[in-house]
Amino acid sequence: MDRRKGSGSRDANGGGLAEATASRLRFEDADELAEEEVGMDVEESPDAPEEVIGNEKTSADYYFDSYSHFGIHEEMLKDVVRTRSYQNVITQNNFLFKDKIVLDVGAGTGILSLFCAKAGAKHVYAIECSQMADMAKEIVKTNGYSEVITVIKGKVEEIELPVPKVDVIISEWMGYFLLFENMLDTVLFARDKWLADDGVVLPDKASLHLTAIEDAEYKEDKIEFWNNVYGFDMSCIKKQAMMEPLVDTVDANQIVTNCQLLKTMDISKMMSGDASFTVPFKLVAERNDFIHALVAFFNVSFTKCHKLMGFSTGPRSKSTHWKQTVLYLEDVVTICEGETLSGTMTVANNKKNPRDIDITLKYSINGQRSKVSRTQHYKMR
């Protein structure tokens, strides 16, 4: 599946993605790369749709409904870093797929299933819960793979497969900030229920990273804007604006510190609860500058390939539709080269809607020109 627009964006078009050039990032060591990257309310009315009146949709319903729209799939497919990476993993490692039973979790248009079928898979079961499943069936038929690909419409947690086990589970489950929308739990459910003992999950590794940036101009435009709105004080909104992470593309020249690896996830072994965590960080300034925000991004690895393959969503890599996640700080931190901004980050699924993420950031600095200690809370919705 692909993802909706996140909590905000600098993109004036509110959803456009600058098309990335085709790229497949290979790396020999994920840690080396880390160092380099160093419920809608609907009023009942005579005009309301019949299916809404008298029905209460859950957040999950809205989540799956959002993936029925073609625009989301178009954006994802045109993200060539993402799509070419998966294509190359499959086509250049057909030993993983030839004569194997494959499960595609969150199949969308069925593009990954088509890649797997073309690589020689014995059969592919493509599970898709949104209305896009109907289109996927037609796409599979049009391209002559109806005998190899079976599209199943429904939730992974509720459907049954016609086979007891599968050899490969493939999924593009990653959300903004890696974990937004919580599709990882669905992949882990499928793994525990259907993956053979010697089976493979693709991708099998994902890592979350953190850095700090100077971003005075845009913080002024997005946050400080509320101090004076056409002559009126609306600063009460600033606090809410600060709590909303911004999904945006960050210029590599804005990076002030090293990039630190926060968390590595082994999708083949991890448990569902492992996606909630508290981790320390220590960001060291590489020049004298100001810090206005912390920036999170993720890397993905396919370690079962003949050669290690993967891609990064970091600010020093080619842009993807995931962009980066910007967390603005209440303080403007004046930092000197060699000084450290340290703290902890706590990440957890929201209790009311587990597809949302709550982030708690504790940070401090005891430098020549800044002495700050603060806790901030963020909500990805």
Side-chain angles (χ1 to χ4, degrees), residues 1 3-4 6-7 30-31 34 39 58-64 103-106 127 129 154-159 161 165-166 168-197 199-210 243 245 260-281 294 296-304 310 313 322 325 327 343-363 375-381:
M1 284 190 179
R3 49 225 30 90
R4 298 162 292 175
S7 301
D31 291 333
T58 66
S59 58
D61 293 324
Y62 287 112
Y63 168 72
F64 290 116
L103 176 61
D104 181 359
V105 176
I127 303 178
C129 191
K155 297 179 181 179
V156 169
E157 295 82 359
E158 297 175 1
I159 64 99
L161 292 180
K165 295 293 179 182
V166 300
V168 179
I169 293 178
I170 193 163
S171 179
E172 193 280 86
W173 55 267
M174 299 80 70
Y176 296 127
F177 191 73
L178 182 61
L179 298 170
F180 183 57
E181 294 185 340
N182 195 30
M183 191 177 163
L184 176 57
D185 271 1
T186 298
V187 175
L188 299 181
F189 179 93
R191 179 200 68 186
D192 293 344
K193 184 172 183 178
W194 289 302
L195 189 65
D197 291 341
V200 176
V201 180
L202 297 171
D204 60 319
K205 297 285 177 63
S207 56
L208 188 65
H209 303 256
L210 190 70
M243 292 178 68
Q260 181 176 336
L261 173 67
L262 288 180
K263 178 78 171 178
T264 298
M265 299 180 187
D266 186 337
I267 316 306
S268 62
K269 298 178 181 178
M270 69 180 289
M271 305 297 289
S272 174
D274 296 342
S276 294
F277 53 85
T278 298
V279 289
F281 65 84
L294 300 189
F297 62 93
F298 65 87
N299 299 338
V300 169
S301 305
F302 300 81
T303 71
K304 304 300 182 182
T313 65
W322 287 287
T325 302
L327 308 170
T344 61
M345 178 179 283
T346 299
V347 178
N349 295 332
N350 180 263
K351 292 180 180 179
K352 289 185 178 179
N353 182 2
R355 296 196 182 278
D356 295 342
I357 296 177
D358 294 331
I359 302 168
T360 300
L361 184 67
K362 296 182 179 180
Y363 64 90
T375 299
Q376 287 185 231
H377 302 279
Y378 304 88
K379 298 178 180 180
M380 290 199 77
R381 300 289 186 264

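Sequence positions, counted from 1, serve as the residue numbers for this chain. Scope of the values below: all heavy atoms of this structure, side chains included, with no hydrogens, waters or symmetry mates.
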Report yes if the side chains of [X] and [Y] come closer than 4.5 Å at any heavy-atom pair, otherwise no.
X: W173; Y: L178; result: yes
X: T346; Y: F277; result: no
X: L294; Y: F281; result: yes
X: N299; Y: H209; result: yes
X: V279; Y: T344; result: no
X: Y378; Y: L361; result: yes
X: I267; Y: L184; result: yes
X: T186; Y: E157; result: yes

Applying side chain to side chain contact (heavy atoms under 4.5 Å, CB included), run through M270 and L188 and close with a yes or a no.
-> CA-CA 8 Å; M270 69 180 289; L188 299 181; 3.9 Å; yes
Heavy-atom pair with the smallest gap, counting every atom of [X] and [Y]:
X: P245; Y: T325; value: CB-CG2, 3.7 Å
X: V200; Y: K304; value: CG1-CG, 3.7 Å
X: M174; Y: W322; value: O-NE1, 2.9 Å
X: V105; Y: I169; value: CG2-CG2, 3.9 Å
X: D185; Y: S272; value: OD1-OG, 2.7 Å
X: S276; Y: A348; value: OG-CA, 3.6 Å

From [X] atom [atom1] to [Y] atom [atom2], the distance as rounded to the nearest 0.5 Å:
X: L103; Y: K193; atom1: CG; atom2: NZ; answer: 10.5 Å
X: I359; Y: H377; atom1: CD1; atom2: NE2; answer: 12.0 Å
X: M380; Y: Y176; atom1: CE; atom2: OH; answer: 8.5 Å
X: T360; Y: M345; atom1: OG1; atom2: CE; answer: 9.5 Å
X: F298; Y: T313; atom1: CZ; atom2: OG1; answer: 4.5 Å
X: L210; Y: L262; atom1: CG; atom2: CG; answer: 5.0 Å

Can you check whether G310's main-chain N or O pairs, donor with acceptor, with S301's side chain at less than 3.5 Å?
-> no
Does the D204 side chain pair with the main chain of T303, one donor and one acceptor, at a distance under 3.5 Å?
->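 Yes, the answer is positive, given that a donor and an acceptor are paired below the 3.5 Å cut-off.
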Report the C-alpha separation of L161 and I127 in whole Å, then their side-chain angles, then the decisive distance to 0.1 Å, and conclude whether the side chain to side chain contact (heavy atoms under 4.5 Å, CB included) test is met.
-> CA-CA 10 Å; L161 292 180; I127 303 178; 4.3 Å; yes
Residues, nucleotides or ligands: over 12 heavy atoms within 6.0 Å of K263 NZ | yes
Who pairs with D358 by salt bridge (Lys or Arg N to Asp or Glu O under 4.0 Å), at least two apart in sequence or on another chain?
-> R381
